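Worksheet: the structure to be examined is printed underneath.
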Amino acid sequence: MPRIVVDVMPKPEILDPQGKAIVGALPRLGFTSFSAVRQGKRFELTVDGEVTDEILAQARNAAETLLSNPVIEDVVNIEVVEG
Amino acid sequence: MPRIVVDVMPKPEILDPQGKAIVGALPRLGFTSFSAVRQGKRFELTVDGEVTDEILAQARNAAETLLSNPVIEDVVNIEVVEG
Amino acid sequence: MTETPLIGDLAAPAAGSALSGARIGVVTFPGTLDDRDAARAVRLAGGTAVPLWHAATELGDVDAVVIPGGFSYGDYLRAGAIARFAPLMDKIIDAAKSDAKLPVLGICNGFQILTESHLLPGSMIKNDHLKFLCRDQVLRIENNTTAWTSDYAAGQEITVPLKNQDGQFIADEKTLDALEAEGRVVFRYVGFNPNGSRRDIAGISNAAGNVVGLMPHPEHAVEAGYGPAHTGTDGLGFFTSVLNKLVGGK
Amino acid sequence: MTEVTQKFNIDTVEHAAQTPEQELPWAELGLKDTEFEEIVKLLGRRPTAAELAMYSVMWSEHCSYKSSKVHLRQFGEKVTEKMKEHLLVGIGENAGVVDIGDGWAVTFKVESHNHPSFVEPYQGAATGVGGIVRDIISMGARPVAVMDPLRFGAIDHPDTARLVHGIVSGIGGYGNSLGLPNIGGEVVFDSVYQGNPLVNALAVGVLRHEDIRLANASGVGNKVVLFGARTGGDGIGGASVLASESFDATKPSKRPAVQVGDPFAEKVLIECCLELFKASVVEGIQDLGAAGISCATSELASNGDGGMHVELTKVLLRDPSLTPGEILMSESQERMMAVVTPENVAAFEAIMDKWAVEYSWLGEVTDTGRLVIEWDGEKIVDVDPRTVAHEGPVYNRPYNRPEWLDSIQADSFTGSVQDAGRPQTPEELAAAVVELISSPNMASKDWVTNQYDRYVQGNTALAFPDDAGVVRVDEETGLGVSISTDANGRYSYLDPYEGARLALAEAYRNVATSGAKPLAVTDCLNFGSPEDPEVMWQFAESVRGLADGCQELGVPVTGGNVSLYNQTGGVAIHPTPVVGVLGVFDDVARRTPSGWAEDGQAIYLLGTTRDELGGSEWANLRGHLGGKPPVADLAAEKALGEILVNASRDGMIDAAHDLSEGGLAAALVEASLRFNTGARIGLDELCERDGIDLFTALFSESQARALVAVPRSEEIRFTDMCTARGFAHLRIGVVDAASEALDVQGRFSLPLAQLREANDAVLPKYFD
Ligand SMILES: Nc1ncnc2c1ncn2[C@@H]1O[C@H](COP(=O)(O)OP(=O)(O)O)[C@@H](O)[C@H]1O
Ligand SMILES: [Mg+2]
């Protein structure tokens, strides 16, 4: 069944405490190549049947209203994944 | 600067209370086209300079050890995003 | 020589039966935890607590509303994100914005629901230390002209419990400057910023002062012995403030 | 709302009768050959796949208590009529119920979730809390508090931080989201728990007498309903041999390795159950924990009229690929099963709908004496439910006293190599006090407890770091309860019989110190493998010690849990019998905090101090474990308890703190730091009276002792009471607020700021 993937990330100007913790932990584990980390959310919405334009519009709408809070987050990506 | 995106999702057989809460809320808001929702995490690791094979391998390693909990989560995607 | 305070000893209740006519609604969502406590606080302050169910489509006969703490819908998506869409919230939002300016107090998860509803600006993200933190917290009342703080002195310091995981208040600099300029920073953390909140902000109000939200829990400091040690009742003033206003203004 | 009904190659009862030669994977499912033969005998044929699933899980050690049962009987046998006076429901139900007066009752129980918490610390600990809370709900009670006795490996071991972070945030994450205050517990670090941390969770609930619900299905024709979360493949990993009911192992199934908890679902379940109880629409109710539907159906049926008929395709599934056997074994969380009369079905459904909780009607109560389970109309289980639930195997496992014990017990700390250079000068003693309170086990546990909500529900009168957790039960009367959990694995290692009595003594003393009258006991017995005769001996001795101790103190065991096979690489943990004692207050306003705050009050030490350093914290710091643990003098504990409770009730004391691990030194520091109020202490008279040196006075762990702060106006009354009861008491000092120090006069003075810093810094150093 097809899924619609919605990716939400904290706004760049907002300090992301989880990303900060990860960036602190990485070098301790020997991962030294990353200068910054941000943690966001990935949603997978399953659609029974075909992904029509209307359903995609619904997903976009849900992403902006429920799945993200525009004060602190951006919807960075919406895409359809088959199977 | 290039970023490496790591996507982590709860394993399909594992209960995902977050997805469950969202799938319950969607129809109340009039979004009726989605039969299931799963919520995972998206990490963006910033690399200063070029993404070499070695750095990509580090990212893969970090994804499996620090960024995901292999008991309950799968790393579903690792990709390089420019800019 | 003072004795260890007895608990449940309300020798000097702040309010008399004069206030019992005022009805304060206490909202329950699935996952709300502090609703009974908020109702008890209303009662101890002298008012009448009215339970409100999230799915109700009418607000009914209430003079003010408390949105208590908890983890509505598990707070799995974002704290307060799903609760904000409850039918009752539409009514509360309308009433808060109407000319009648319904007094609304959001505590902890209630504060998060108010920001998600855009009744209050900014938002809460994870504590900077990433842990749930429960502690007795000193707050300064920065503005005693709101519906919920008029029984305090401006600048008064009170101790109430704080307990949350997503308590870091953030907003952009412009919003923060505006909040400060308009006197809408109602509470500030004193001595210790427990979560990284911008400018030590613990709670804010809307422009009219009828809608107030804060992360710490005044309803857990209304009875000697059941709140922070050796102070205990510093939170009662929230509830007497609104009751006195309601009764006085009626 | 029925799910897809999948057609499997169903192993029906009929088919089983026709194919006696069919190979069955009973060994893979953990059954012994004798056990399998017994099942065949009981059924008069080979079991079906579904029956095999039920028996294998219900006859496991975890569900059947087959190794421990013969010993646990003592808890019942050693109970006198007098001890039963307050017992409304005893051992055997989901949790015991104790009458606390005014028509109120409390139910409480402690359970282990050790192994799952090692594999996945956050979820393991979280679902541990979830499970014990469902036990409490299923008695008809509103849960009002939780506690969490925890044990970890060495604080500086590389794996310890992972476990501490995960387990503590799991307990907080689940308990905080349920709106249950956490009011106490334990945190112990010891390398014996390295690969095997102990995560025990206790819950307490309150109810009116008339609201008691039992797990039984009676009333022929009454409906059986499953509600709450959907059933997934949780907890059936090892049973994947059942993935194909025809037992060909060629189709490996994907089953979760761990269970994930959904505290939101459980919170809704709590409220919805309480509404069901209030509306009186359920006849019997059972939580689903270990062994899931197998356990719930067989226990409900066997406790009731004896028969039940269930259609398994009605179960709402999260994973539609589950086979009937797997559905029966699934341990998915946040589910309950209830029995409802036909008249109440509509009322039941209305409450479910209000809370948006899913449910499905599975079948009904019958009088056939058989538990019959069908899959799409075909009979896959037909058993006598008692043989599944209650008449499982019982083992009288061999046990013998370890030979090494004599030499260990002969190696007492006093005079040992590790005791050489015992601190004596004032400087050495001061340094020793600081070293003690900055050791991992004596350090402040704030780093842990600050992650727990202790205020929610507004009834918490005492919590950490006080000696016991105290919650108000009834706002009108001020009725309240007090609970403490304790165990000392080192004491139990040195002498398991005494160790269990010492655990009981400490929990009893903590409850009395808070001002409550001890009433009842729950326990969680954490041990190694019962197949090791030495471990089995430790277990047998511990049970005997606890049962004897309860008899001496007059407090019955009302329920508990046994956790065996706690070992890594063949090495067992120290025997760790965690004992929870519950006490009651007529008026919770009289609760006694564990620190002094009023300048000028007199400080008394109650009890006698002996040279008892075996197994002590000090010996542990010096790397010594030998000799005998302190003597458990339960008559003295009882006398001390009466003094503390009376003194609290009559307003004779304003603070009390018991002496336990770390002895007087630890107690003085803790009582001073509690409210940041110093004291001046003189110990010469004590040393002289008890014939001990100052070091022993400070660090011995003699039992039945407590510190109290007495207002000047009450001193005569208080000392008269102690004298009349013939209990040793000595004024050893005075509260001195201005000093801001703990001043042991003529020896040393330690500023409170320094003590605080030393006590607070330890856990953050390792875990932040
Ligand atoms: N895991 C925990 N959860 C909650 N409270 C805890 C935990 N560990 C320790 N505490 C609390 O810290 C305090 C000190 O613990 P401890 O020294 O074991 O007490 P005691 O010696 O009186 O039994 C007690 O109030 C205890 O309940
Ligand atoms: Mg104690």
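Heavy atoms only: backbone and side chains are in, while hydrogens, waters and symmetry mates are out. Below, chains carry the letters A, B, ... as their sequence lines are ordered, and counting in each starts from 1. Note that this is a predicted model, so its numbers are computed, not measured.
- Top candidate by heavy-atom pairs under 4.5 Å with chain B, chosen from A:Glu54, A:Gln18, A:Met9, is A:Met9.
- Looking only at heavy-atom pairs under 4.5 Å with chain B, the residue among A:Gly19, A:Ala25, A:Gly40 that has the most is A:Gly40.
- When each of A:Glu82, A:Glu79, A:Glu44 is paired with A:Arg3, the salt bridge (charged side-chain N to carboxylate O under 4.0 Å, His left out) condition holds for A:Glu44 and for no other.
- Between A:Phe31 and the options B:Thr65, B:Leu45, B:Ile55, a side chain to side chain contact (heavy atoms under 4.5 Å, CB included) holds for only B:Thr65.
- Residue A:Lys11 qualifies as enclosed at atom NZ: its count of foreign heavy atoms under 6.0 Å is above 12.
- Your options are B:Val51, B:Val23, B:Asp48, and the one with the most heavy-atom pairs under 4.5 Å with chain A is B:Asp48.
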Point to revise | From CA spacing to verdict: side chain to side chain contact (heavy atoms under 4.5 Å, CB included), A:Thr46, B:Phe34 | key: CA-CA 5 Å; A:Thr46 304; B:Phe34 311 107; over 6 Å; no
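- Residue B:Val76 touches chain A through its side chain alone, counting heavy-atom pairs closer than 4.5 Å.
- Interface residue A:Asn61: backbone and side-chain heavy atoms are both found under 4.5 Å from chain B.
- Ranked by heavy-atom pairs under 4.5 Å with chain B, the first of A:Thr32, A:Val5, A:Val8 is A:Thr32.
- The choice from B:Val47, B:Thr52, B:Leu67, B:Val6 that makes the most heavy-atom pairs within less than 4.5 Å of chain A is B:Val47.
- Proximity of a side-chain donor or acceptor of B:Ser68 to a complementary backbone N or O of B:Ala63 within less than 3.5 Å is detected.
- In the displayed structure, A:Glu13 atom CD is contacted under 6.0 Å by more than 12 heavy atoms of other residues, nucleotides or ligands.
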